[in-house]
Enquirer: 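First the structure, which I've put down as structure tokens, then a few questions once you've had a look.
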Amino acid sequence: MGHKMLPVIPAGDIRRRVAELGAEISAHYQGQPLVCVCVLKGAFLFFADLVRHITCAPEIDFVRLASYGGATSRGRQTVFTKDMEVDVDGKHVLLVEDIVDTGRSAEFLLHVLEKRGAASLKICAFVDKHERREVGVAVDFAGFPIQKGFIVGYGMDYAEQYRELDAVYELVPE
Ligand code: IMP
Ligand code: MG
């Protein structure tokens with residue numbers, strides 16, 4: 001009942017891509033008030049690396065979400081277990097996620113922050129995973145597109161394991 005870990009994205013590729021994303025984001029927002037929001041826990045390493053490449057003096061904040069409900073998306077409820085502290089009214093907001101998968105977490109955050117008066121809302125995801133997308137959420141700045149599979153490392157976990165790894169692996173049952 002073990003599993004294998006297949007290398008998917010090496011640490012060097014991550015470093016290069018994160019620097020590119022930072023440059024893209026900096027060019028997009030130059031001179032405008034920007035709040036970068038880290039969606040905990042999965043995005044913590046990506047966020048820490050990314051913001052060091054963002055040159056437009058962003059404010060930094062953190063949220064953590066939990067979702068309740070069954071295996072089906074219908075009736076699934078997303079709530080904050082840690083809400084933001086920075087006021088987003090009139091500011092541009094960049095949500096930084098580890099993975100956008102079904103898109104439900106991102107949809108929830110977009111909805112809430114729009115109501116709080118964000119001037120614009122965009123999503124940056126380390127991995128844009130298409131296979132299980134349920135809602136029409138667009139990833140504006142995507143690190144790596146991945147079709148399917150369960151991945152860990154670089155912040156992403158399986159049962160709270162593997163977050164500390166500096167590369168990304170696919171977990172494959174043996
Ligand atoms: P969703 O887009 O609302 O389905 O939520 C995406 C969240 O599910 C991500 O932020 C991850 O925390 C988690 N997740 C989805 N796919 C994976 C995976 O392959 N590995 C680890 N976590 C995942
Ligand atoms: Mg997550």
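As the structure lists them, so they are numbered: ligands from 1, and atoms in each ligand from 1.
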Enquirer: Which of the atoms of ligand 1 are close to G149, meaning less than 4.0 Å from one of its heavy atoms?
Expert: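 Counting atoms of ligand 1 from 1, those under 4.0 Å from G149 are 19 (O).
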
Enquirer: Could you label the plane-to-plane angle of the F150 and Y158 rings as parallel, tilted or perpendicular, counting under 30° as parallel and over 60° as perpendicular?
Expert: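 Rings of F150 and Y158: perpendicular, over 60°.
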
Enquirer: When you look for heavy atoms under 4.0 Å from ligand 1, do you find them on the side chain of R132, its backbone, both, or neither?
Expert: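 None of R132 does.
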
Enquirer: Distance under 4.0 Å to a non-hydrogen atom of S105: what atoms of ligand 1 satisfy this?
Expert: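 In order of numbering, the contacting atoms are 1 (P), 3 (O), 5 (O).
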
Enquirer: For E97, take its heavy atoms, then give the atoms of ligand 1 lying under 4.0 Å from any of them.
Expert: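 Close to E97: 10 (O).
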
Enquirer: Which atoms of ligand 1 have any heavy atom of D157 under 4.0 Å away?
Expert: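 Within the 4.0 Å cut-off of D157, ligand 1 contributes 21 (C).
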
Enquirer: Looking at non-hydrogen atoms alone, which of G42, G103, S67 comes nearest to atom 2 (O) of ligand 1?
Expert: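 Ranked by closest heavy atom to atom 2 (O) of ligand 1, first place is G103.
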
Enquirer: Once rounded to the nearest 0.5 Å, what's the spacing between atom OG of S105 and atom CD1 of I99?
Expert: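 Separation between the atoms: 10.5 Å.
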
Enquirer: Just to verify, what does H111 make a side chain to side chain contact (heavy atoms under 4.5 Å, CB included) with, not counting sequence neighbours?
Expert: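 K115.
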
Enquirer: Among V39, I146, I99, D98, which residue places a heavy atom closest to atom 23 (C) of ligand 1?
Expert: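 Result: the heavy atom closest to atom 23 (C) of ligand 1 is in I99.
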
Enquirer: Only counting residues at least two apart or in another chain, list the ones meeting salt bridge (charged side-chain N to carboxylate O under 4.0 Å, His left out) with R133.
Expert: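 Partners of R133 by the salt bridge (charged side-chain N to carboxylate O under 4.0 Å, His left out) criterion, ordered by chain and then number, come out as D128.
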
Enquirer: For E20, look at atom CD and say whether over 12 heavy atoms of other residues, nucleotides or ligands are found less than 6.0 Å away.
Expert: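 Yes, because the 6.0 Å sphere around CD of E20 holds more than 12 heavy atoms from other groups.
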
Enquirer: Look at the rings of F46 and F126 and say which category their plane angle falls in: under 30° parallel, 30 to 60° tilted, over 60° perpendicular.
Expert: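 F46 vs F126 ring planes: tilted.
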
Enquirer: Can you confirm, on distance only, whether ligand 1 has an N/O atom lying under 3.5 Å from any N/O atom belonging to I151?
Expert: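 The answer is yes, given that I151 and ligand 1 share an N or O pair closer than 3.5 Å.
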
